[in-house]
Amino acid sequence: MTEWFDLDQDDEHAISAFMSRVANLRVPDLGSRTPDPAELWCKAKLLARWEAERRASRPLDIMQPIEIAGGLIAAGLLLYWSIPYL
Amino acid sequence: MGRLDEATFAAFHARTARALRAYVYRVVGNASDADDIVQEAFLRMLRADVPANTEEHLRRYLYRVASNLVVDRWRRRRHEMGEERILTEPASPRPRYEDDAAVAKIFAELKPRDRALLWLAYVEGESHEEIASSLGVGRRGVKVMLFRARRRLRDLLQARGLLVSS
């Protein structure tokens, strides 16, 4: 490391001492909201499956309004062409 | 290691969850938010299907995700509350250094990014390269950011009369 990035040795010592105090501060016990690894594993798998399903059904979701619009246009054209014969 | 299976993940979780939670808790300063972030970090790691070449690789990935979530949360909160209220808590006149609450309060006065850098450097004992990987930033940037974080902490300690410096 270059000198430029170094603090005074006393300052560095004080910061190290302070950080070791920070490291030893008490951390509250694991909360009830912390799931165990098995629960996390299942949740991740479930989310991955939903994501895969959503990806798989996306083309259908996109095509659905196009199909409806196409059907309506075709019905309109049929009606238009059949008007002279009605 | 290859791809993670459930048993490997459980072992990895047992070895890393506590340390990750301590890191996140100390950076965000709130146990409930820390629990949420730790859970989300593990979930994102699993969903990303990270190749588990080494445990260290997974650990770095996890810390990077958690650090990003911490910064996102801080930005959101800053947006909601306004920067002033978050960054300028009234400083108590002369906290006793022996007092854990005072130590926690001084540390909490730093920005989350500074807290993360200092924690990774001093508590986890990570090198510049490792910190860069954990935070997803460049190695050269880490040097500068860490220097500034140390300087800000020094200034805080000086302002509280906890550091007599030349």
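Reckoned from all heavy atoms, side chains included, excluding hydrogens, waters and symmetry mates. The sequence lines fix the lettering, A, B, ..., with proteins before strands; numbering per chain opens at 1. Small disclaimer: the values here were computed from a predicted structure and weren't measured.
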**Item:** hydrophobic_cluster_shared for Phe42(B) and Trp50(A), side chain cutoff 4.5 Å
**Value:**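 Both belong to a single hydrophobic cluster.
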**Prompt:** Is there a chain of hydrophobic side chains (I, L, V, M, F, W, Y, each step under 4.5 Å between heavy atoms) that links Val71(B) to Trp119(B)?
**Reply:**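 No, separate clusters.
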**Item:** Residues which pass ring pair (Phe, Tyr, Trp, His ring centres under 6.0 Å) with Tyr63(B), listed by chain and number, not counting sequence neighbours
**Value:**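 So Tyr63(B) forms a ring pair (Phe, Tyr, Trp, His ring centres under 6.0 Å) with Tyr23(B).
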Would you find more than 12 non-hydrogen atoms of other residues, nucleotides or ligands less than 6.0 Å from [X] atom [atom1]?
X         : atom1 : value
His13(A)  : NE2   : no
Gln9(A)   : CD    : no
Gln64(A)  : CD    : no
Arg148(B) : CZ    : no

To check you understand the geometry: which heavy-atom pair defines the closest contact between [X] and [Y], and what is its length?
X         : Y         : value
Leu40(A)  : Leu43(B)  : O-CD2, 3.6 Å
Arg47(B)  : Ala44(A)  : CG-O, 4.0 Å
Leu157(B) : Ala14(A)  : CD1-O, 4.4 Å
Phe18(A)  : Ile106(B) : CZ-CG2, 3.7 Å
Trp41(A)  : Asp5(B)   : CH2-C, 3.4 Å
Tyr122(B) : Ser16(A)  : CE2-OG, 3.5 Å

**Asked** Is there a side-chain contact between Phe107(B) and Met19(A), using heavy atoms and a 4.5 Å cut-off?
**Response**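 SC-SC contact between Phe107(B) and Met19(A) confirmed.
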**Asked** Does a side-chain heavy-atom distance below 4.5 Å link Glu12(A) with Arg154(B)?
**Response**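 The answer is no; the side chains never approach within 4.5 Å.
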**Asked** Checking Arg151(B) against chain A: side chain, backbone, both or neither under 4.5 Å from a heavy atom?
**Response**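 Its backbone and side chain both get close to chain A.
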**Contact class of Tyr25(B) relative to chain A, heavy atoms under 4.5 angstrom** =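 Looking at Tyr25(B), just its side chain touches chain A.
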**Request:** Please identify each residue that fulfils side chain to side chain contact (heavy atoms under 4.5 Å, CB included) with Leu72(A), with sequence neighbours left out.
**Result:**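 Side chain to side chain contact (heavy atoms under 4.5 Å, CB included) list for Leu72(A), sorted by chain: Ile68(A).
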**Request:** Look at Arg150(B) together with Asp11(A) and state whether they make a salt bridge at an N to O cut-off of under 4.0 Å.
**Result:**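 No, Arg150(B) and Asp11(A) are not salt-bridged.
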**Request:** To the nearest 0.5 Å, tell me how far Leu25(A) CG sits from Asp100(B) CG.
**Result:**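 Rounded to the nearest 0.5 Å, the CG-CG separation comes to 5.0 Å.
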